Chemist: 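Here it is: the structure, laid out below.
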Amino acid sequence: MPSSNPIYSREPFFEGFDTQAAFDYYEASRHRLPAATYPQQGRHASGRVEMAAHCDVFCFDAFGVLNVGGTPIAGAVETVQALRELGKTLFVITNAATLPKAQAVAKLERLGFDFSADEIVTSRMAAEEALAAYPDNLWGVMARSDFKSDDVPVRSILLTHDITTYDAADAFLFLSTWEWTSEQTRLLEASLAQNPRPIVVANPDVIAPLEEAFSTESGFVAHRIGDLLGGEIEFHGKPFPSVFELVERVLPPEHDRRRICMIGDTLHTDVLGGAQAGWSTVLVTDHGLFRGHDPARFIEASGIVPDWIVPSI
């Protein structure tokens with residue numbers, strides 16, 4: 001049955017979100033997100049390394065924390081270096097699933113960061129690991145037009161503007177909306193309406209911050225389909241557990257989860273995700289979803305409370 005959410009009445013499907021619309025969409029999709037517990041109130045800090053004494057492991061979101069689109073955020077490179085000099089363990093946890101891991105490493109290098117491949121954990125890694133449970137499926141993949149079938153460790157076909165690519169698939173993998181169109185969303189919905197099949201989402205984000213606006217990400221398409229058609233949808237990436245488990249897997253077994261810090265710009269992905277893992281959380285306010293807004297009213301409305309609130313790292 002079609003949803004009553006007014007977002008769904010918009011055309012085209014990829015009309016740009018503003019902060020309020022993105023927040024409302026996350027809230028409307030809250031029933032698909034994990035549960036978590038939060039502090040009663042977040043503490044304000046200036047950023048930089050002010051929280052270094054409280055945590056041993058720092059996990060950075062990329063978009064809205066380290067960079068905005070293709071531009072590094074002022075001071076981010078220096079903060080990463082300062083934490084290294086203090087002996088902290090560092091990771092990047094990103095829901096950007098467009099690029100294979102090697103290209104994600106190269107992108108951060110171009111932005112001036114010195115993260116090694118072992119320090120970068122992507123939602124795509126978590127999703128690809130989960131695909132091993134379905135060795136016989138032919139996966140229809142939402143991806144850029146330069147996607148190749150050997151880019152993922154399963155049999156796959158790129159979803160195009162031809163309905164036969166949708167009908168041929170046994171299941172669907174959402175990697176990227178980089179070149180995705182409204183027409184393709186309609187084709188996917190039509191195929192699923194006739195033959196429901198599982199969906200694995202490698203980027204649960206609804207939006208991502210670019211220099212001038214927000215991009216619309218594959219989480220939007222997944223939640224839309226869930227509301228319109230129901231069906232089996234499996235999410236990997238923040239705020240869902242599997243991507244956090246990839247980090248914990250390489251930490252000492254006796255580590256204190258509260259001394260792991262998730263730093264991000266979004267309440268429903270970074271803060272909720274870190275909290276459900278039992279980690280400490282930091283909301284960055286000046287460069288991502290809440291840039292130009294007072295985050296306090298969004299924190300109050302959602303009940304998702306970070307441990308710390310900082311303007312920038």
Side-chain angles (χ1 to χ4, degrees), residues 45-126 128-129 151 176 178 202-203 205 208-211 215 237-238 243-252 255-257 259-266 269-271 273-274 277 279-288 291 308 310-313:
S46 61
R48 287 293 185 180
V49 294
E50 186 173 338
M51 294 160 294
H54 299 277
C55 294
D56 305 313
V57 181
F58 287 82
C59 300
F60 300 95
D61 182 25
F63 278 64
V65 175
L66 300 177
N67 61 287
V68 176
T71 305
I73 291 171
V77 171
E78 292 78 8
T79 294
V80 169
Q81 185 57 40
L83 289 170
R84 284 198 190 283
E85 292 172 356
L86 290 170
K88 304 301 180 180
T89 299
L90 306 182
F91 293 94
V92 175
I93 307 180
T94 176
N95 281 357
T98 299
L99 302 175
K101 182 174 179 177
Q103 294 182 46
V105 174
K107 177 181 177 180
L108 285 168
E109 287 179 352
R110 289 194 300 271
L111 293 172
F113 297 97
D114 64 349
F115 294 104
S116 69
D118 291 340
E119 293 175 324
I120 296 177
V121 178
T122 72
S123 56
R124 179 167 173 164
M125 291 166 56
E128 288 183 353
E129 189 171 281
D151 286 347
S176 175
W178 188 270
N203 181 356
D205 287 352
L210 303 178
E211 285 88 344
S215 62
K238 299 170 295 183
V243 74
F244 298 93
E245 291 165 1
L246 289 179
V247 172
E248 294 197 17
R249 194 182 296 173
V250 301
L251 295 176
H255 71 269
D256 180 351
R257 287 183 171 179
R259 292 190 66 83
I260 308 173
C261 184
M262 181 68 232
I263 305 173
D265 72 295
T266 305
T269 59
D270 305 302
V271 175
W279 299 2
S280 296
T281 61
V282 177
L283 178 69
V284 177
T285 61
D286 280 8
H287 308 289
R291 61 192 179 197
W308 290 284
V310 302
S312 184
I313 64 167

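What's counted below: heavy atoms across the whole structure, side chains too, no hydrogens, waters or symmetry copies. Keep in mind the model is a prediction, meaning the values are calculated, not measured.
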Chemist: When rounded to the nearest 0.5 angstrom, what distance separates CG in L83 from CD in E78?
Modeler: 12.0 Å
Chemist: When you measure from the side chain of T281 to the backbone N and O of M262, does any donor-acceptor pair fall under 3.5 Å?
Modeler: no
Chemist: Where the side chain of R291 meets the backbone of T285, is there a donor-acceptor pair that is under 3.5 Å apart?
Modeler: no
Chemist: List the residues meeting side-chain hydrogen bond (donor to acceptor under 3.5 Å, both in side chains) with R249, not counting sequence neighbours, and say none if there are none.
Modeler: E129
Chemist: What distance do W279 atom CH2 and I263 atom CD1 have between them, rounded to the nearest 0.5 Å?
Modeler: 11.0 Å
Chemist: Is there a donor-acceptor contact under 3.5 Å from the side chain of T89 to the main chain of V57?
Modeler: no
Chemist: Check for a donor-acceptor pair, side chain of D270 on one end and backbone N or O of D265 on the other, with a separation under 3.5 Å.
Modeler: yes
Chemist: Go through the steps for R110 and K107 under the test side-chain contact (heavy atoms from CB on, under 4.5 Å), then give the verdict.
Modeler: CA-CA 5 Å; R110 289 194 300 271; K107 177 181 177 180; 3.6 Å; yes
Chemist: With distance as the sole test, does R124 use its side chain to make a donor-acceptor pair with the main-chain N or O of A96 at under 3.5 Å?
Modeler: no
Chemist: Search all heavy atoms of V310 against all heavy atoms of M51 and return the closest pair with its distance.
Modeler: CG1-CE, 4.1 Å
Chemist: Under 3.5 Å, side-chain donor or acceptor atoms of residues 62-75 against the rest of the protein: list the pairs with distances, not counting sequence neighbours.
Modeler:
residue	atom	partner	partner atom	Å
N67	ND2	G69	O	2.8
T71	OG1	E211	OE2	3.1

Chemist: Looking only at heavy atoms, what is the nearest atom pair of D114 and E119, with distance?
Modeler: O-OE1, 4.2 Å
Chemist: First locate atom CG of L86, then atom CZ of R84, and finally report the distance between them rounded to the nearest 0.5 Å.
Modeler: 12.0 Å
Chemist: Is there a side-chain contact (heavy atoms from CB on, under 4.5 Å) between F91 and L246 once you walk through the steps?
Modeler: CA-CA 11 Å; F91 293 94; L246 289 179; over 6 Å; no
Chemist: Working to the nearest 0.5 Å, report the span between CZ of R259 and NZ of K88.
Modeler: 6.0 Å
Chemist: What are the two closest heavy atoms between A45 and P311, and how far apart are they?
Modeler: O-CD, 3.5 Å
Chemist: What's the shortest heavy-atom distance between W308 and S280, and which atoms?
Modeler: CZ3-CB, 4.0 Å
Chemist: Assess whether a salt bridge exists between E128 and K101, defined as any Lys/Arg side-chain N lying under 4.0 Å from an Asp/Glu carboxylate O.
Modeler: no
Chemist: Please determine whether side-chain contact (heavy atoms from CB on, under 4.5 Å) holds for the pair H287 and I313, giving the CA-CA distance in whole Å, both sets of side-chain angles, and the decisive distance to 0.1 Å.
Modeler: CA-CA 10 Å; H287 308 289; I313 64 167; over 6 Å; no
Chemist: Is there a side-chain contact between V80 and F115 in this structure, where contact means two heavy atoms from C-beta onward sitting under 4.5 Å apart?
Modeler: yes
Chemist: Between K238 and I93, what is the shortest heavy-atom contact and its length?
Modeler: NZ-O, 2.8 Å
Chemist: Apply side-chain contact (heavy atoms from CB on, under 4.5 Å) to L90 and F113, showing your working.
Modeler: CA-CA 12 Å; L90 306 182; F113 297 97; over 6 Å; no
Chemist: Restricting to non-hydrogen atoms, name the atom on D61 and the atom on G264 that form the minimum distance, rounded to 0.1 Å.
Modeler: CB-CA, 3.8 Å
Chemist: Rounded at 0.5 Å granularity, tell me how far CD1 in I120 sits from OG1 in T94.
Modeler: 9.0 Å
